[in-house]
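A short worksheet on the structure shown next.
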There are 2 protein chains.
Amino acid sequence: MSVDTRWLTSEQLATWVRLAAVLELLPATLDSQLRRDAELTHFDYYVLAMLSEAPEHTLRMTALAERTTATLARLSHVVQRLEGRGLLERFPCPEDRRATNARLTEAGWQKVQDSAPGHVAIVREKVIDALSPEQVTQLGEITGAILRRLDPDGDRAAIYQRYSPPGDS
Amino acid sequence: MSVDTRWLTSEQLATWVRLAAVLELLPATLDSQLRRDAELTHFDYYVLAMLSEAPEHTLRMTALAERTTATLARLSHVVQRLEGRGLLERFPCPEDRRATNARLTEAGWQKVQDSAPGHVAIVREKVIDALSPEQVTQLGEITGAILRRLDPDGDRAAIYQRYSPPGDS
DNA sequence: ACGCGTAGGTTGTAGCTACAACCAATTGGG
DNA sequence: CCCAATTGGTTGTAGCTACAACCTACGCGT
């Protein structure tokens with residue numbers, strides 16, 4: 001039997017099964033809170049949140065895609081819908097005529113500020129407050145290690161940067 | 001400002017941002033490997049894998065839903081498709097005429113055995129082998145703690161049980 | 001033995017994502 | 001300069017999921 005077919009030890013397996021369950025349940029939980037309270041998917045929220053932290057509340061599509069860990073195609077569809085709802089607007093980038101900028105509208109900025117507290121509350125409740133401070137540190141290191149495998153070039157590792165409260169200006 | 005609106009410390013935030021990225025990238029990675037190599041989604045795979053461990057390769061829909069962390073509605077759609085592909089079959093449960101059993105066909109059993117090694121390999125590559133043994137232990141505890149918050153009744157915690165290699169009889 | 005609440009599932013549909021195809025602008029090599 | 005490759009982005013579509021509505025069977029209280 002080749003090395004690729006090694007199975008997992010029972011401890012590794014127990015960990016993996018739990019992780020798989022978290023992968024399934026946590027996004028669903030976040031989505032339904034935001035949908036119910038703000039009519040936003042978790043991904044929609046992240047798009048708005050990343051814009052809210054950017055200078056001028058503006059980012060190029062490519063930069064926004066990196067920060068939200070999404071493909072450009074997906075982002076394009078989502079941005080189109082958010083634009084239709086008046087939460088952001090697109091305009092051609094002056095420096096590079098291939099590029100498109102996305103900018104938060106006033107309504108979009110308001111939406112982020114309104115929905116942030118509820119989102120943060122559920123993240124605390126389901127994740128942060130479930131763990132000891134040491135575990136939070138451990139989880140940070142563990143997810144960092146996994147991300148390096150998932151995304152070795154760190155294209156999407158712009159994400160590792162700071163992230164501050166919208167409205168905190 | 002109420003207690004609900006507390007933001008996160010920068011360390012908590014760094015952890016959360018990384019976790020969010022893993023939540024986005026890891027399922028996509030698993031899905032695409034299985035789709036490419038076995039024409040199965042990650043969820044399809046889990047359905048087949050859970051059946052493969054059950055006595056007679058058979059489970060009630062409800063039991064299968066618990067083990068796969070899914071809603072019954074979702075499972076029903078997925079099982080319908082898998083049945084159409086000949087990988088499993090449904091039949092009414094003799095003891096309770098409301099209930100439906102799902103049973104792996106020979107082709108389904110073969111599919112699980114064929115696709116398991118590739119799936120395990122990517123789980124090792126992206127998760128297990130990215131971590132030290134201590135980190136695997138830590139991650140097991142951390143995900144356990146999060147799951148207790150996500151699913152307090154532990155309805156879906158049947159998952160916490162053992163999970164052995166298909167084909168290992 | 002009847003009614004009502006619940007358990008077990010299925011189905012319809014709107015909406016989101018992945019994948020592939022496509023197009024326009026930019027850049028670099030000869 | 002010019003064209004080939006690359007970058008930046010959009011669009012069409014098939015397929016999966018969530019949510020709600022619905023149906024049948026079971027079981028308990030009276």
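Values reported hereafter were calculated over all heavy atoms of this structure, with side chains retained and with hydrogens, waters and symmetry mates removed. Letters A, B, ... mirror the listed sequences (proteins, then strands); counts begin at 1. Since the structure is predicted, the reported quantities are computational estimates derived from the model, not experimental observations.
Distance, A/Asp31 CG to C/dC16 P: 10 Å, rounded to whole Å. For the pair A/Glu66 CD and D/dT7 C1', the computed distance is 13 Å after rounding to whole Å. One interatomic measurement links the two molecules: CG of A/Leu25 to P of D/dT17, which rounds to 14 Å at whole-angstrom precision. Put simply, CZ on B/Phe43 is 18 Å from P on D/dG15, counting in whole angstrom units. For the pair A/Phe91 CZ and D/dG8 C1', the computed distance is 15 Å after rounding to whole Å. When rounded to the nearest whole Å, the span between CZ of B/Arg35 and C1' of C/dA20 equals 14 Å. One can place CD of B/Glu39 at 11 Å from P of D/dG15, the figure rounded to the nearest angstrom. When the C1' atom of C/dG15 is taken as reference, atom NE2 of A/His42 falls 18 Å away, rounded to whole Å.
Mapping B/Glu95 and B/Arg85 onto DNA chain D by nearest heavy atom places B/Arg85 at the nucleotide closer to the 5' end.
Terminal axes of the helix from C/dA1-D/dT30 to C/dG30-D/dC1 (five pairs each, C1' rotation axis) are separated by 20°, to the nearest 10°.
Under the salt bridge (charged side-chain N to carboxylate O under 4.0 Å, His left out) criterion, B/Asp96 pairs with B/Arg98, sequence neighbours left out. Under the rule for a side chain to side chain contact (heavy atoms under 4.5 Å, CB included), the partners of A/Glu39 that lie at least two apart in sequence or sit in another chain are A/Arg85. Qualifying side chain to side chain contact (heavy atoms under 4.5 Å, CB included) partners for A/Thr9, counting only residues two or more places apart in sequence or in other chains: A/Glu11, A/Gln12. Scored by the side chain to side chain contact (heavy atoms under 4.5 Å, CB included) test, B/His57 finds B/Leu104, B/Trp109 as partners (sequence neighbours excluded). Every residue was checked against the side chain to side chain contact (heavy atoms under 4.5 Å, CB included) condition with A/Ala28, not counting sequence neighbours, and none meets it.
In this structure, A/Glu83 contributes its side chain and A/Gln80 its backbone to no donor-acceptor pair below 3.5 Å.
A salt bridge between B/Arg18 and A/Glu141 is absent, with no side-chain N of the basic residue lying under 4.0 Å from a carboxylate O of the acidic one.
Considering only side-chain N and O atoms, B/Arg97 lies under 4.0 angstrom from the phosphate OP1 or OP2 of D/dC26. Of the side-chain N and O atoms in B/Arg81, one or more sit less than 4.0 angstrom from OP1 or OP2 of D/dC16.
Judged as a ring pair (Phe, Tyr, Trp, His ring centres under 6.0 Å), not a single pair has a partner in residues 80-105 of chain A (not counting sequence neighbours). Residue pairs that meet the ring pair (Phe, Tyr, Trp, His ring centres under 6.0 Å) test with at least one member in residues 61-86 of chain A, sequence neighbours left out, do not exist here.
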Identify each atom pair where a protein N or O and an N or O of nucleotides 8-13 of chain C are less than 3.5 Å apart, giving names and distance.
residue: C/dG9; atom: OP1; partner: B/Thr100; partner atom: N; Å: 2.9
residue: C/dG9; atom: OP1; partner: B/Thr100; partner atom: O; Å: 3.2
residue: C/dG9; atom: OP2; partner: B/Thr62; partner atom: N; Å: 2.8
residue: C/dG9; atom: OP2; partner: B/Thr62; partner atom: OG1; Å: 2.0
residue: C/dG9; atom: O3'; partner: B/Thr100; partner atom: OG1; Å: 3.4
residue: C/dT10; atom: OP1; partner: B/Arg90; partner atom: NH1; Å: 3.1
residue: C/dT10; atom: OP2; partner: B/Ser76; partner atom: OG; Å: 3.0
residue: C/dT11; atom: OP2; partner: B/Gln80; partner atom: OE1; Å: 3.4
residue: C/dG12; atom: O6; partner: B/His77; partner atom: NE2; Å: 2.9

